[in-house]
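Read through the structure below, which is laid out as structure tokens, and then see the notes.
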Amino acid sequence: MTTTDTTTTPKKPKPRHAVGTRRTLTAEELSAYGLRDRWYPILPSHLLANGAMQKVTRLGVDWLLFRDATGRVRMLEDRCPHRSAPLSAGQHLGDRVACRYHGVQVDGTGTVVAVPGMPGCALEGRQSTPSLAVVEAADAIFAFMPLTEDSEPTPFELPDRLQQEEHSHFLNYVEWAGQWRFYMDNVLDPMHGAFLHGDSHSMSGGDTSARFRIRETDRGFFFEKTDQRGKNFDWVEFVRGAMDHVDLEIPYGDEAGPGGPFGIVGMSVPIDADNVAVFHWRTRKVDGWEREVWRFLYRTSLEEKHFAVLEQDRSVLEILAKDADTHEHLYQHDLGVSRIRRLYKADAKAQAKILAGEA
Amino acid sequence: MSQYLEVHQTHPEPFSPYELKLSGSIQEIFGRGVHDLPGLVSGLNDLGLHAPDGSSWTQESFRDEMRRMGR
Ligand code: FES
Ligand SMILES: [Fe+2]
């Protein structure tokens, strides 16, 4: 033994709080409430009118959305910096919100701009409420959900089909009483199409048995049938871009007209550990009169049929046991499911390390 | 928690009987595998469906109507 060296005593790691919480989160909590440091869709644009405020819960945190006088969307933690009353109970004052409790005014950047009860108070000018980076695109409000207050938003980029002119799209938004991870498992499991959706308007075709493979890409992976394409829900691409999303195609019957299959860009955002908000953009590569007819048929008829299919998913996902993803017996069709779980588990571990001050 | 589960998100207002009839007829013709514009227009006329002004459909009148309703 040599002499003790006091200079090598490791500094105790300083745990950090996840933005919008006053505590650090474990890997289990992160994977229950949602992973951070990525963009998420938050709400369809049309659900936040001009001059309106809306409270939403996302990733287990309450947030206030409001549109300022210029139409710009702001997203603040729904918590007054004074004594934590929900800002959503207050008043919209154009570019700011006044708390209902003692009138403290907070602007869109989360800065206290006035303390009416005590003008000149040191709280004035302080940026003390978390405010998220927000982008409005493809009929939805998106926000970057930071892990810590040092997190820098990554560049915002829409999925391919939503930014390419040749694809026309409609957004569908729903809220399900199920875990967000079950949503991800479900979309990485194309085989349920032939069974759960077997009697739907779009997924009655094709075989009820199949072999699958995983095909790597530089931005994620494909999980696809090796022996059938274009007949049912036959493949899905998981994309890890600015925001995690899935891309897939489902055939339309002849009655839906020209233009081939419809595409789905799917994303979900955890509401809390037991509820999820789901965004599906239904897309079609159509132009000219074909585009107009598809959009007319979508509104008058297809939207309702698509909704019925989505309800089939909900009917199963909402009755799964909370611990449904433990002690399963997975088979070859579940390679996509295991893959996505592994990916998210690794993310949760890495983010928990950062919060624990160990990375 | 109250859940958002709206069926008609792209068109909350009800459609008129005329719009629904037109939509159903278009799908019926497409369902026969007819996917070109002239075929669609003559199919509508064969079904006895009239354009909004009471006359037979032409490609122009059909496109005008779709531009309006299929934005
Ligand atoms: S709690 Fe908001 S002003 Fe006091
Ligand atoms: Fe499904």
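Each chain gets a letter, A, B and so on, in the order its sequence line appears, and its residues count up from 1. No experiment lies behind these values; they were computed from the predicted model shown.
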Which portion of [X] sits near chain A, non-hydrogen atoms under 4.5 angstrom:
X     : answer
B/E28 : neither
B/L37 : both
B/L40 : side chain

Can you tell me how far [atom2] of [Y] sits from [atom1] of [X], rounded to the nearest 0.5 angstrom?
X     : Y      : atom1 : atom2 : value
B/H11 : A/E303 : NE2   : CD    : 10.0 Å
B/R71 : A/F296 : CZ    : CZ    : 12.0 Å
B/T10 : A/R295 : OG1   : CZ    : 8.5 Å

Quiz item: Is chain B contacted by the side chain of A/H46, its backbone, both, or neither, given a heavy-atom distance below 4.5 Å?
Solution: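 Interface part for A/H46: side chain.
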Quiz item: Side chain, backbone, both or neither: which part of A/A308 has a heavy atom under 4.5 Å from chain B?
Solution: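 No part of it gets close to chain B.
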Polar side-chain atom of [X] near backbone of [Y] as donor-acceptor pair, under 3.5 Å:
X      : Y      : answer
B/H35  : A/D254 : yes
A/R299 : B/M69  : yes
A/E304 : B/V7   : no

Does atom [atom1] of [X] have more than 12 heavy-atom neighbours from other groups under 6.0 Å away?
X      : atom1 : result
B/K21  : NZ    : no
A/Y33  : OH    : no
A/K322 : NZ    : no
B/E13  : CD    : yes

Quick check: do [X] and [Y] have side-chain heavy atoms less than 4.5 Å from each other?
X      : Y      : value
B/Q3   : A/E318 : yes
A/L171 : B/Q9   : no
B/Q27  : A/L297 : yes

Practice problem: Could you tell me which non-hydrogen atom of A/E311 sits nearest to which non-hydrogen atom of B/L5, and how far apart they are? | Solution: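 For A/E311 and B/L5, the tightest heavy-atom pair comes out as OE2-CD2, 4.0 Å.
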Exercise. Compare every heavy atom of A/A256 with every heavy atom of B/F30, then report the nearest pair and how far apart it is.
Key: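 What the structure gives for the nearest pair is CD1-C, 4.0 Å.
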Quiz item: Under a 4.5 Å heavy-atom cutoff, which of B/R68, B/E65, B/E6, B/R32 has the most pairs with chain A?
Solution: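 The option with the most such pairs is B/E6.
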Quiz item: Going by the angle between their ring planes, with limits at 30° and 60°, are A/Y173 and B/Y4 parallel, tilted or perpendicular?
Solution: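 Correct class here is tilted.
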